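For the single chain, residues carry numbers from 1 onward in sequence order. All values derive from a computational prediction rather than experimental measurement.
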Amino acid sequence: MKRWMMVMAAVLAAPGIPVARADDDAVVAKAVSAFQNQDCPTTLRLLKPLVKPGVAEKLSEPLGVHALYLAAVCESYDGRFAEAQALAVRATAYSEVTDELWHFRLFAGLNAKDAEGAAATVLAMREGRGGALNTTDIAWLYRADALLREAKRDALRERVLQALVDNAYDPEDPVASKDGFYQRLMRIRLERGDVAGAREMAGRIETAPMLLNITLDPRYRDVAPRDLDIRAAVERQLSKTRDAIARNPGRLTPLINAARLLRALGQPKAALEILEKARAPGRTPESHVDGQEMAPWWWNSLAETHIMLGDADAAIAAMREGSKPDAGGVPQVSQLINLASTQIQFRRYADALKALPADDAKLPLSPFGAMQIRLVRLCANAGLGNTAALAADRSYIEAKSADDGKALSEMFLCLDDRDAAAKALIAELEDPDRRVAALTRLSNYDPPLPGSPVSIAEVREAEVKQRPDVQAALEKAGGARRIPLQEGEL
């Protein structure tokens, strides 16, 4: 929530923005001062009488907007998101408000889990504040859609999706993709029998992972692009990403995306060259506009590139750099897990165990992250033959397997239990919600580049895949595809 306090402080200090002055209203001036000192209790105490319905609206517009916005941010800071949303809705009724205020209104609605309120905000931006919508974090718009789906507000959800696939919505983020919106609207139309409408949405999808997803899913057989050239799709996506790099020289995200696409095409040296643009003279990954958020993923991408080049030491050094805690001391959990996974890939099992913390409880783990850290530890212990250390992690993975659709098959491959691994893979192929991911993993890719490591689990999976029972399940699920790319990059 401190982000919104910083945003508001910047707004209050911005040239040309009317601010509260003592001669406007001494109470609001004191509230502004308290807010700038990050004293929300005092800010709210001062503003409560002024933000009552009908009272704020009698203030001058600058004063009314500031009072409502300040109070809204402070309400959210204390976790009262419904109250924050209500105040933000009133603030956006004024004509002269910033895009940030609209963004805050959506943020508050999402955190209040108000599906209808979030939808109303998106639709209002679409109708009169297109610039605010275009600069909204696209991840928030996907969250709004998820809220509507969970609330079973189908008609309203379709209205929102229709607004987001409209050409008038043009995300400012250079790497944001609307393909997820096309795919979701495609599903809605297909489910009600509108094959032509679904095919129209499918035809607008451009990103290679999404194209591969819909062509592998039997549910979309009637609308998926025919004769998809997935390598050409990656090349087209790479061309657009290079354009994004040229337009956004201060951002890491396009560099990271381009490197991933180049690795998929089997061009790790070109990927390395792209990534190193972030370390041109006078620059560091952390100094970029999105460096605070994306620098760990830049290091992750650098490590993945060195893995493909077969340079174990450089890969591990990069992953270790990316796994360092942030400025606030919060561990980079994904990179920490990926560091240990990288060491396992190079069969440095003892180093993998040393990379993991002794106490998982001290890490901010999601259910998926908790599964991953146990899976990595189990595979490292299995590689060392530490059978006595396997029981606890195995029990956890078996009990929580729903948190990661492929955890069981990966665990049994590390344990070299071929029968159990085959059974788990077949279960993935038979499950409609896990089938596409399993088909993607079990498809036939270009061979690894010379020097690129192949883990023991990958070797065993290739062998288990050839079993007659797994082959039969593969055929029933739609069959393994020939994908002329490097595995694991999409």
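Side chains of R251 and H288 form no contact here, defined as non-hydrogen atoms less than 4.5 Å apart. Residues L353 and R348 have side chains not in contact (no heavy-atom distance under 4.5 Å, counting atoms from C-beta outward). The closest side-chain heavy-atom distance from Y349 to I456 is below 4.5 Å. Proximity of R157 to R184: side-chain heavy atoms (C-beta onward) are separated by under 4.5 Å at one or more points. Using a 4.5 Å heavy-atom threshold, the side chains of L123 and L156 count as touching. Side chains of L375 and D393 form no contact here, defined as non-hydrogen atoms less than 4.5 Å apart. The shortest distance between side-chain heavy atoms of E461 and L442 falls below 4.5 Å. The side-chain heavy atoms of K113 and L147, taken from C-beta on, include a pair separated by under 4.5 Å.
Atoms CG and CD1, from L302 and I307 in turn, are 10.0 Å apart once rounded to the nearest 0.5 Å. Atom NZ of residue K152 and atom CG of residue L148 lie 12.5 Å apart, to the nearest 0.5 angstrom. Note that CD1 of I337 is 5.0 Å distant from CD1 of I373, once rounded to the nearest 0.5 Å. Rounding to the nearest 0.5 Å gives a distance of 4.0 Å between CD1 of I214 and CD1 of I205. Between D404 atom CG and Q372 atom CD the span is 5.0 Å, to the nearest 0.5 Å. How far CG of D313 is from CZ of R320: 9.5 Å, rounded to the nearest 0.5 Å.
Heavy-atom contacts from other residues, nucleotides or ligands closer than 6.0 Å to CD of Q471 number more than 12. Residue E191 qualifies as enclosed at atom CD: its count of foreign heavy atoms under 6.0 Å is above 12. The environment of E286 atom CD is dense: over 12 non-hydrogen atoms of other residues, nucleotides or ligands sit within 6.0 angstrom. For NZ of K465, the number of neighbouring non-hydrogen atoms (other residues, nucleotides, ligands) closer than 6.0 Å is greater than 12. More than 12 non-hydrogen atoms from other residues, nucleotides or ligands lie less than 6.0 angstrom from CZ of R434.
Although no hydrogens or angles enter the test, the distance criterion places no donor-acceptor pair under 3.5 Å between the side chain of S239 and the main chain of E235. A donor-acceptor pair under 3.5 Å is absent between the side-chain atoms of D417 and the main chain of F412, judged by distance alone. Formation of a donor-acceptor pair under 3.5 Å by the Q183 side chain with backbone atoms of A202 is not found in this model. No donor-acceptor pair closer than 3.5 Å links the side chain of Q237 to the backbone N or O of L261. Within the 3.5 Å criterion, the main-chain N or O of L413 finds a donor-acceptor partner in the side chain of R460. Looking at S323, its side chain never comes within 3.5 Å of a backbone N or O of L336 through a donor-acceptor pair. When atom types are taken as modelled, the side chain of D290 and the backbone of T253 share a donor-acceptor pair closer than 3.5 angstrom. When atom types are taken as modelled, the side chain of R199 and the backbone of D222 share a donor-acceptor pair closer than 3.5 angstrom. S287 places a side-chain N or O within 3.5 Å of a backbone atom of T284 that can act as its donor or acceptor partner. Side-chain atoms of Y396 do not come within 3.5 Å of backbone N or O of R374 as any donor-acceptor pair.
Of the candidates I245, N248, D243, P174 forms a side chain to side chain contact (heavy atoms under 4.5 Å, CB included) with just one, namely N248. A side chain to side chain contact (heavy atoms under 4.5 Å, CB included) with R231 is found for one member of V234, L228, D229 and no other, namely D229. The salt bridge (charged side-chain N to carboxylate O under 4.0 Å, His left out) test with R441 singles out one residue from E428, E458, E410, and that residue is E428.
Residues R394 and E398 are paired through a salt bridge, judged by an N-O separation under 4.0 Å between the basic side chain and the carboxylate. The existence of a salt bridge linking R153 and D145 is excluded, since no basic side-chain nitrogen approaches an acidic carboxylate oxygen closer than 4.0 Å. In this structure, R467 pairs ionically with D419, as a charged nitrogen and a carboxylate oxygen lie closer than 4.0 Å. We find that E463 and R418 are joined by a salt bridge, their nearest charged nitrogen and carboxylate oxygen being less than 4.0 Å apart. Taking a cutoff of 4.0 Å between a charged side-chain nitrogen and a carboxylate oxygen, D99 and R129 qualify as a salt bridge. R236 has no carboxylate O lying under 4.0 Å from a charged side-chain N of E206, or vice versa, which leaves the two without a salt bridge.
Under the 30°/60° scheme for interplanar angles, the aromatic rings of F107 and F81 are found to stand perpendicular.
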*asked:* Using side chain to side chain contact (heavy atoms under 4.5 Å, CB included), reason through I483 and N444 one step at a time and then give a plain yes or no.
replied: CA-CA 6 Å; I483 300 176; N444 302 312; over 6 Å; no

*Determine, stepwise, if the pair T241 / N257 fulfils side chain to side chain donor-acceptor pair (under 3.5 Å).*
CA-CA 7 Å; T241 307; N257 285 5; 5.7 Å; no

*asked:* Determine whether L141 and F181 satisfy the following criterion, side chain to side chain contact (heavy atoms under 4.5 Å, CB included), listing intermediate values before the conclusion.
replied: CA-CA 9 Å; L141 300 175; F181 302 132; 3.8 Å; yes

*asked:* Show, in sequence, the C-alpha distance, side-chain angles and deciding distance for D137 and H103, and conclude whether the side chain to side chain contact (heavy atoms under 4.5 Å, CB included) test is met.
replied: CA-CA 8 Å; D137 186 335; H103 298 164; over 6 Å; no

*With side chain to side chain contact (heavy atoms under 4.5 Å, CB included) as the test, would you mind laying out the steps for I256 and N300 before giving the verdict?*
CA-CA 9 Å; I256 295 168; N300 199 103; over 6 Å; no

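Considering every non-hydrogen atom in both Y445 and L485, the closest pair reads CB-O, 3.3 Å. Residue W297 comes nearest to S334 through the heavy atom pair CH2-CB, 3.6 Å, listed as atom of the first residue, atom of the second, then distance. Residue W298 comes nearest to L275 through the heavy atom pair NE1-O, 3.0 Å, listed as atom of the first residue, atom of the second, then distance. Considering all non-hydrogen atoms of both residues, A198 and V223 come closest at CB-CG1, 3.8 Å. A pairwise comparison of heavy atoms in P296 and G291 identifies CD-O, 4.4 Å as the closest pair. Closest approach of S455 and R347 over heavy atoms only: C-NH2, 3.9 Å.
Judged by distance alone, the side chains of R263 and T305 do bring a donor and an acceptor atom under 3.5 Å apart. Side-chain atoms of N167 and R204 form a donor-acceptor pair, as typed in the model, at a separation below 3.5 Å.
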